[in-house]
Amino acid sequence: MLTGGKRQVSLTVKPRGKIRWNTNATNPKEGTVYTDPIELTGTGEVTIYAYAEDNGASTQRNFLIPRVNETGPSIDTSKPAKLRKKTDFRGATEAFQAINTAKSMHVMLTGGVSLTVGEGATAVTTRFGSDATVKADAVEAFIDLAREALANPIADVVLRVEDFHFLSGRDLETFAEKLGLDVGAGEVEQ
């Protein structure tokens with residue numbers, strides 16, 4: 001957010017936790033305690049290195065903040081990348097296009113993957129937890145088993161993925177292009 005000529009970045013951790021951060025790539029675990037939105041001066045690209053913990057559980061994330069007036073995120077095509085974008089693929093055609101593209105590019109699905117096969121009272125629904133890493137092959141196998149259990153080989157499919165892990169930023173760009181996904185600033189982590 002641009003406020004009064006300065007960019008402000010808000011960080012949250014759910015359900016709760018203490019956040020520490022810095023922008024110099026030193027150990028964020030020892031960084032500044034986050035209390036208010038971070039004000040960034042200048043117009044250049046900045047990476048915020050954040051560490052969050054609560055009751056012994058912890059996580060570390062890096063957030064690339066694009067330069068002012070840049071549309072979309074800056075992506076280093078040679079580094080591994082994560083797309084944090086809740087995405088619904090509705091209908092078998094859309095779902096299988098995403099699955100087949102993910103399989104061919106070795107994309108891992110994480111952050112919570114849910115799948116519904118069938119409709120209404122004749123549907124099978126499952127959710128892989130937020131810490132689970134799921135291969136697209138496994139999602140496809142689950143669809144096949146659910147369709148068999150429902151005795152409906154063409155049962156409709158709805159696939160929701162919260163995070164995608166790519167071997168490179170180039171793969172992320174290719175995946176997004178093939179599936180027509182808009183990738184916004186703040187949705188890419190490297």
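Each residue takes its place number in the sequence, starting with 1.
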Hey, are the side chains of L150 and V124 touching, using non-hydrogen atoms and a 4.5 Å cut-off? yes
Under 4.0 Å between a Lys/Arg side-chain N and an Asp/Glu carboxylate O for E162 and R84? no
Within the supplied structure, the quantity of interest is the number of heavy atoms (other residues, nucleotides, ligands) at a distance under 6.0 Å from E148 CD; does it exceed 12? no
Examine the side chains of T59 and R61 and answer whether a donor and an acceptor come within less than 3.5 Å of each other. yes
State plainly whether one hydrophobic cluster holds both V107 and L181, where clusters connect Ile, Leu, Val, Met, Phe, Trp and Tyr through side-chain heavy atoms under 4.5 angstrom apart. yes
Does V9 belong to the same Ile/Leu/Val/Met/Phe/Trp/Tyr cluster as Y51, with side-chain heavy atoms less than 4.5 Å apart forming each link? no
As a test of understanding, state which of L64, T23, N24 forms a side chain to side chain contact (heavy atoms under 4.5 Å, CB included) with T47. L64
Evaluate the side-chain proximity of S114 to R160: yes if any heavy-atom separation is below 4.5 Å, no if none is. yes
Could you give me the CA-CA distance, side-chain angles and deciding distance for I99 and I143, then say whether side-chain contact (heavy atoms from CB on, under 4.5 Å) is met? CA-CA 11 Å; I99 290 166; I143 293 169; 3.6 Å; yes
The ring pair (Phe, Tyr, Trp, His ring centres under 6.0 Å) partners of F128 (sequence neighbours excluded) come to none
How long is the straight-line distance from CG of D171 back to CZ of F166, given to the nearest 0.5 Å? 7.5 Å
Under a 3.5 Å distance rule, please check whether R147 uses its side chain to pair with a backbone N or O of N152 as donor and acceptor. no
Can you see which heavy atom on G112 is nearest to which on R127, and at what distance? CA-NH1, 3.5 Å
State, yes or no, whether a side-chain contact exists between R170 and S78 at a heavy-atom distance under 4.5 Å. no
So, T110 versus T133: side-chain donor-acceptor pair below 3.5 Å or not? no
Has the side chain of T87 got a donor or acceptor atom that lies under 3.5 Å from a matching backbone atom of K85? yes
Please report the shortest heavy-atom distance between I19 and A52, naming the atom on each side. CG1-CB, 4.2 Å
Is the shortest side-chain heavy-atom distance between R16 and N55 below 4.5 Å? yes
Quick one: pull up CD1 in I65 and CD in E45 and give me the separation to the nearest 0.5 Å. 9.5 Å
Given 3.5 Å as the limit, does a donor-acceptor pair link the side chain of T101 with the main chain of A98, or not? no
Looking only at atom types and distance, does a side-chain atom of E189 sit under 3.5 Å from a main-chain N or O of K82, one as donor and one as acceptor? no
When every non-hydrogen atom of F63 is compared with those of A50, the smallest separation belongs to CE1-CB, 4.0 Å
Minimum heavy-atom distance between R20 and P28, given as atom pair plus value: CB-O, 3.2 Å
Indicate yes or no for a side-chain donor-acceptor contact from D156 to the backbone of V117 under 3.5 Å, with no hydrogens or angles considered. no
Whether the side chain of N22 engages the backbone of A25 through a donor-acceptor N/O pair (distance < 3.5 Å, no angle test) should be reported. yes
Same cluster or not: are L167 and F175 linked, directly or through other Ile, Leu, Val, Met, Phe, Trp or Tyr residues, by side-chain heavy atoms under 4.5 angstrom apart? no
How close do Q190 and G169 get, counting heavy atoms only, and between which atoms? NE2-CA, 4.0 Å
If you look at every heavy atom in Q8 and E39, which pair is closest and at what distance? NE2-OE2, 3.3 Å
Can you list the steps and then say if D144 with E140 is a side-chain contact (heavy atoms from CB on, under 4.5 Å)? CA-CA 6 Å; D144 291 343; E140 184 176 38; 4.3 Å; yes
Starting from L11, can I reach V46 by hopping between I/L/V/M/F/W/Y residues whose side chains sit under 4.5 Å apart? yes
Can you check whether L109 reaches F164 side chain to side chain, under 4.5 Å on heavy atoms? yes
Sorted by chain and residue number, the side-chain hydrogen bond (donor to acceptor under 3.5 Å, both in side chains) partners of K18 (sequence neighbours excluded) come out as none
Please determine if D88 and R90 form a salt bridge, counting it only when a charged side-chain N lies under 4.0 Å from a carboxylate O. yes
Roughly how far, to the nearest 0.5 Å, is CG of L179 from CG of N100? 10.0 Å
Can you find a heavy atom in the side chain of H165 that is under 4.5 Å from one in the side chain of L83? no
Taking Y34 as the starting point, is it possible to reach L40 by hopping between hydrophobic residues whose side chains are less than 4.5 Å apart? yes
Could you measure the distance from the OG1 atom of T126 to the CG atom of L145? Nearest 0.5 Å is fine. 11.5 Å
Less than 4.5 Å apart, side chain to side chain, heavy atoms only: is that true for V158 and F89? no
Qualifying residue for side chain to side chain contact (heavy atoms under 4.5 Å, CB included) with L115, from T125, L159, V134, V161: L159
More than 12 foreign heavy atoms under 6.0 Å from NZ of K103: is that the case here? yes
Indicate yes or no: at least one non-hydrogen side-chain atom of V13 is less than 4.5 angstrom from one of D54. no
